[in-house]
Each structure stands twice: as structure tokens, then as C-alpha cells.
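Take a look at the structure set out below.
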Amino acid sequence: VQLQASGGGLVQAGDSLRLSCAASGRTITNYAMHWFRQAPGKEREFVAAISRNGGRTYYADSVKGRFTISRENAKNTAYLQMNNLKPEDTAVYYCAARSTVESDSRRYEHWGQGTLVTVSS
């Protein structure tokens, strides 16, 4: 499945953004969907995941309570709603798909193009 993240931009601290992850090639129905991010000079880190049917969600502690992951299988798209953004959220955000939830970025071989989120203070 090919994934394309979009929706990033430059915002101020406290603002909100919604990222989209559009899939093509295969239906996302068979995949848990994930968001990761990579800040300059840092390793790629897990942000959020959602199970195949959307019944379970998982979040990194750093974003819990501020970010919400969701999916719309009919549109073959996943989303990441980001509220109360902080400068430390600045990163390139990537979406990923896997048959089961996996928070270790090293287990992914292929990454699509990410979308840059910049949060100014």
C-alpha cells in the first residue's frame, strides 16, 4: 500500500492541525494505521496508532490528550488531529501501515513522503 501524508504547515503554539494519510494500491481495511514523526537530528518516533477496525487507539505519552488518530476506511484515509501544538511537536510526520500495531519504527522497511509540521513559540 502506498501512503501519502499531507496537511502539515507552519503554525503557532496552541494552534491545531489535521494531518491526512491517503492510501492507494490497497485498502487500509486490513491494516493498523500509524503516525510517526522525526525531528531534526532525532530518531523517528512513534506518535499514534489505530487498529484495523478503529476500536483501539494508542498514543505516545508526549501527545496523549492533545492528538487524536482516526480512520475512514471508506475513504481509504487515516487522520491525525493535533491540538494545542507545542514547539517540540515540530517534525516531519509520516504515516505507516502494518497488519498489526507496531510502535518500533525500525520494523518498517518502507516509508512514504512525510509532511512537515513547524510550530513556532
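Quick caveat: nothing in here was measured; it's all calculated off a predicted structure.
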Kindly give the heavy-atom pair with the smallest separation between Met82 and Val117, and that separation in Å.
CE-CG2, 3.8 Å
Work out which heavy atom in Thr27 is nearest to a heavy atom in Asn76; give both atom names and the distance.
CA-OD1, 3.3 Å
Donor-acceptor pair, distance only, cut-off 3.5 Å: does the side chain of Thr68 make one with the backbone of Gln81?
no
Determine, for Phe36 and Arg44, whether the Lys NZ or Arg CZ falls below 6.0 Å from the six-membered ring centre while staying within 45 degrees of the axis.
no
Asn84 backbone acceptor or donor facing Arg66 side chain under 3.5 Å:
yes
CZ (Arg98) with more than 12 external heavy atoms under 6.0 Å:
yes
If we ignore hydrogens and angles and just use 3.5 Å, is the side chain of Thr90 paired with the main-chain N or O of Val119 as donor and acceptor?
yes
About how many Å separate CD of Gln38 and OH of Tyr94, when rounded to the nearest 0.5 Å?
5.5 Å
Using 0.5 Å steps for rounding, measure from the CG atom of Asn30 to the CZ atom of Arg52.
7.0 Å
If every non-hydrogen atom of Tyr59 is compared with every non-hydrogen atom of Ala48, which pair is closest and at what distance?
CD2-CB, 3.7 Å
Considering non-hydrogen atoms only, spot the tightest contact between Ser121 and Pro87 and give its length.
CB-CG, 3.8 Å
Taking atom NZ of Lys42 as the centre, report whether more than 12 heavy atoms of other residues, nucleotides or ligands fall under 6.0 Å from it.
no
Distance-only, no hydrogens or angles: does the Arg71 side chain make a donor-acceptor pair with backbone N or O of Ile28 under 3.5 Å?
yes
side-chain contact (heavy atoms from CB on, under 4.5 Å), that's the test. Do Ser62 and Arg37 meet it? Break it down for me.
CA-CA 12 Å; Ser62 58; Arg37 67 186 182 187; 3.4 Å; yes
Checking Glu102 against Tyr108: is there a side-chain donor and acceptor pair closer than 3.5 Å?
no
Membership question, hydrophobic clusters at under 4.5 Å side-chain separation (ILVMFWY): are Tyr79 and Val92 in the same one?
no
Ring of Tyr31, cation from Arg26 - is the NZ or CZ under 6.0 Å from the centre and inside 45° of the axis?
no
Nearest-0.5 Å distance, CD of residue Gln4 to OG of residue Ser20:
10.5 Å
Would you say Phe46 ends up clustered with Ile69 if hydrophobic residues are merged whenever their side chains have heavy atoms under 4.5 Å apart, either directly or through other cluster members?
no
Side-chain donor/acceptor of Thr77 to backbone N/O of Lys75, under 3.5 Å:
yes
Taking every heavy atom of Trp35 against every heavy atom of Ala5, the minimum-distance pair comes out as CZ3-CB, 3.9 Å
Between Val63 and Leu19, is there a shared hydrophobic cluster once you connect ILVMFWY residues whose side-chain heavy atoms come closer than 4.5 Å?
yes
Closer than 4.0 angstrom, basic N to acidic O: yes or no for Asp89 and Lys86?
no
Measure across Met33 and Leu3 and return the closest heavy-atom pair with its distance rounded to 0.1 Å.
CE-CD2, 4.0 Å
Would you give the length of the straight line joining atom OG1 of Thr100 to atom NE2 of His34, rounded to the nearest 0.5 angstrom?
7.0 Å
Got more than 12 heavy atoms from elsewhere within 6.0 Å of CD, Glu88?
yes
